[in-house]
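Input: a single structure, listed below in C-alpha cells.
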Amino acid sequence: MGVLLEVKDLVTRFYTQEGIVYAVNGVSYTLNEGETLGIVGESGSGKSVHALSMLGLIPMPPGKIENGEVIFQGRDLLKLSKDEMRLVRGAEIAMIFQDPMTSLNPVLTIGTQLTEGLKLHLGMNQAQAERRAAELLDMVGIPDARKRLNNYPHQFSGGMRQRVMIAIGLSCNPKLLIADEPTTALDVTIQAQILELVKRLRDELKMAMIWITHDLGVVAGIADTIQVMYAGQIMERGPIKAVFESPRSAYTLGLLNSLPRVDAEGGGGRLTQIEGSPPDMRIKPVGDPFAPRNPLYRTERCFTETPPLHQVADSVPGHMVAAWYDLPALRKQHEMEKMKHGN
Amino acid sequence: MEIKTATSTQETSQQREVILRVRGLKKYFPITSGIIVQRQVGAVKAVDSVDFDVYKGETLGLVGESGCGKSTTGRTVLQLYRPTAGSVQFEGEELTTLRGDELRRIRRRMQIIFQDPFASLNPRMTVGNIVSEPLVIHNVMNKKERKEYVEELLVKVGLNPFYINRYPHEFSGGQRQRIGIARALALNPSFIVADEPISALDVSIQAQVVNLLEDLQKELNLTYLFIAHDLSMVRHICDRVAVMYLGKIVELGPTNLVYDNPLHPYTQSLLSAVPVPDPSVEETRQRIILRGDVPSPANPPKGCNFNTRCPVAMDYCYHEPDPELVEIEPGHFVACHRVT
C-alpha cells in the first residue's frame, strides 16, 4: 500500500496575551492508504491542534504554523491557497468533530447541509444531490432517510446527529477521514453503534482514518497503528498490538496501568497513578516532556535533551519511541529489586 | 415490596448497618405549557420508584446512560430536590419530611462532590473561603480554628496548605476536584454522594482522584454513593452497583457478581459496549449492539421500559407491567420478565 499522508516536523504555536503556547512541537509520521491511525493523548497534548493545522483550520492569528510539511498525495497542504484547500477539505479529507450539535448549523435542514458538499465538490444538481443524500443517511443507519432530510439538527438525538456528521464526512468519498473524539460525548451503547458503523464503512469504502481520542479502549478496538502524544510530541507509535503488549514509553505504560478494566476483577487495591499534572504548554518544552512525572525510569539526560523518535531495536518494524531509557530492561530490573526486598 | 425480602436476607447474612434506606423514591419534573397561565401537561419521570439500601462504609455505584436519572437520584436523596413521593431514611431519620433547620442539621452528615470542578467552585472566593464556607454556615469553630482546620483538610486531600489564599482559576482540573473534596469533608460527614467526580478530568489525573477517594474512605470510614457512567472505574471502586435505565433500577448486586454474570439484557449490552484497552481482547469480543436511543422519560414505553431496545424481548414484555426488582441469588436483584 502506498503512502497517503506524510507529516514532516510540524510545529504549531499560539501567540496569546499570556505568552506563547507551544501546542505542537515537531510531529512527523506517515499514514498509508487504508490504514487507521489512533492518536491518543490528554487535553493539551496537541492531538487535535496538529490535525487542525494540517487542514488549515486553526485561527491565524493567534495560531501560527512555524514549520513543517504535510504531504497529501504528493502535494504540500500547507502551501495551498485558501481556495485550493477548500477543494481538498470535504472532498479528499473529511473531518468529524466531538460535538455534533456545535458542528451542525442549527438553522439549516440536514438535507441542505448534506447536499452542500455534494453540489460543491461533485458538481451534482439539486435532484441528484438529494437522492445521494438520502442514500447516505440510509447508509449510516438513519431510518426513513428521505423524510429526515427536511429535519433540523435539534430534531435528532446525539447519536443520530453524529451519524449525520459521518454521512456529511463521507459524502464525497474522501480518501482520509479525520475523527476528533467523535464518540466522547456519547453514551457507551451509542458509542458502540457508531464504532461498529465506522468500521463497516471504512472497510467498504477503503478509507484511511485518523481517530483522535483519549480512550485507549476505543483505539484498541479500531486502530491498526497507535500514536501516543504528550506535550505536542509523539512519545510512542507502532502497530497496535506491539504497543499495548510491550509499551516502550513510560507515559504509555503509565496510562495503561492507571486504567481499571471492565473485564477484570475489581477491588484489587489502589490504581497505579501517574503523579503530577500535565505540563503547562506556555513553557517551552526542554528534554523529555514526561520526565518530571516519571520518577521511576527517567535519566539525567531526559531533563536536558529531547529524545528523538526512533525505531525500537527489539520490536517489530514501525514500533517507535521517543525515550532515552530502555523501558523493558528497567522494568525487569525493578522487578528483580522488588523480589530481593521481598525476600 | 419485594425489596424488603431482599434486604432482610442480606442483613442476616452480613449483619451490616444500613446508613441510607431509599424506598419508592420518585422525582417527576412537571412539563408546563402556556405563557402566562402555566398548566402542567405532563411529567418527566426522572426517577420512578427506586428502592435501595446503602450500607455503612461501602461504595454503592449508580450507573447508567445520560438521562437515566442517576444524578437526580443522588440529588433527591440529599433533598437538594424534594422527592415527588417515597421515603429516604438516613441514619434512621426520615429526610423527606424535614424542613429548615432540621434538614440543615442532618446535611452536616451528608455531602456531595460535583462533576465539574470548573463550575462548582465560586471563582470569586479563595480556596480557604470555599473550603471553610460549610463551617461558617453551620457555625462551627472560630476564625482561627477554622483556618488551621482548613489547612489540615488541604493537606489531607493532597494540596499545599500554602494555597489557602489562591483562587480556583489558579488550579488544574484535578486540583480543583481536590478542593471540592476538601469542601465536602469539612463538616466531617459520614455519607458522600460523588456525582461523576472524575469524568471531567484527564485520564492521567482520574486515577489520582480515585485513589484519594479510596484513601479517605478508609481513613474516615466514609460511605459513598458513586454516580458514574465509566463502568470500568465503577468496577474498580464500588462494592455494589445499581444499574439504572429510564428512572428505574434494573439490576443491583455485588459488583463482581453483576459484572461477571449480568442478568438484565440492558446490563449485558452496556457491559459489552465498554471498550477494553487491549487489542487482542477487542479483536474477539462479541458486542451486543442496542438498537436506537433511550426513549424520552416524559413518555416511557408501555410494558417493560426496556422493550424498545431489548434484543430478547418477548410478546409479554410489551403487555405486562414494568417488572419489579426480584432477588435471583443472594444480594443480586434484577427486574426483567425473561429472568424472573
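Every chain is numbered from 1, with letters handed out A, B, ... down the list of sequences. Because the structure is predicted, anything quoted here is derived from the model rather than measured.
The shortest heavy-atom contact between B/Glu65 and A/Val188 is OE2-N, 4.4 Å. Closest of all the heavy-atom pairs between B/Glu282 and A/Gly221 is OE1-CA, 3.6 Å.
Highest contact tally toward chain B, considering only A/Ile274, A/Thr189, A/Leu256, A/Val219, is held by A/Thr189 [criterion: heavy-atom pairs under 4.5 Å]. Of the residues considered (B/Thr255, B/Asp278, B/Thr59, B/Ile205), B/Asp278 shows the highest number of contacts with chain A, using heavy-atom pairs under 4.5 Å. Considering only heavy-atom pairs separated by less than 4.5 Å from chain A, the leading option among B/Arg287, B/His229, B/Arg309 is B/Arg309. When B/Pro279, B/Ser272, B/Ser66 are compared by the number of non-hydrogen pairs under 4.5 Å with chain A, B/Pro279 comes out ahead. Contact count against chain A (heavy-atom pairs under 4.5 Å) is highest for B/Asp215 among B/Val281, B/Asp215, B/Asp260. Note on B/Leu290, B/Val203, B/Asp202: by heavy-atom pairs under 4.5 Å with chain A, the leading option is B/Asp202. Chosen from B/Ala273, B/Ser269, B/Pro277, the residue pairing most often with chain A at heavy-atom distances under 4.5 Å is B/Pro277.
Proximity to chain A (any heavy atom under 4.5 Å) is restricted, for B/Ile289, to the side chain, taken from C-beta onward. Interface residue A/Glu196: only side-chain heavy atoms are found under 4.5 Å from chain B. Of the atoms belonging to A/Gln191, it is side-chain heavy atoms, and not backbone ones, that fall under 4.5 Å from chain B. Neither the backbone nor the side chain of A/Asp280 comes within contact range of chain B; no heavy atoms are under 4.5 Å apart. For B/Val210, the part lying near chain A is the side chain, with the backbone staying farther off; criterion is any non-hydrogen pair under 4.5 Å. Using a 4.5 Å cut-off between heavy atoms, A/Leu255 touches chain B through its side chain atoms alone.
Atom NZ of A/Lys147 sits in a sparse spot, with 12 or fewer heavy atoms from other residues, nucleotides or ligands closer than 6.0 Å.
Using a 3.5 Å distance cut-off with no hydrogens or angles, the side chains of B/Gln206 and A/Ser258 do not pair a donor with an acceptor.
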query = Stepwise, does the side-chain contact (heavy atoms from CB on, under 4.5 Å) test hold for B/Gln208 with A/Ser277?
reply = CA-CA 10 Å; B/Gln208 292 179 1; A/Ser277 35; over 6 Å; no

query = Does the side-chain contact (heavy atoms from CB on, under 4.5 Å) test come out yes or no for A/Leu271 and B/His236, once each step is laid out?
reply = CA-CA 9 Å; A/Leu271 293 169; B/His236 172 80; 3.4 Å; yes

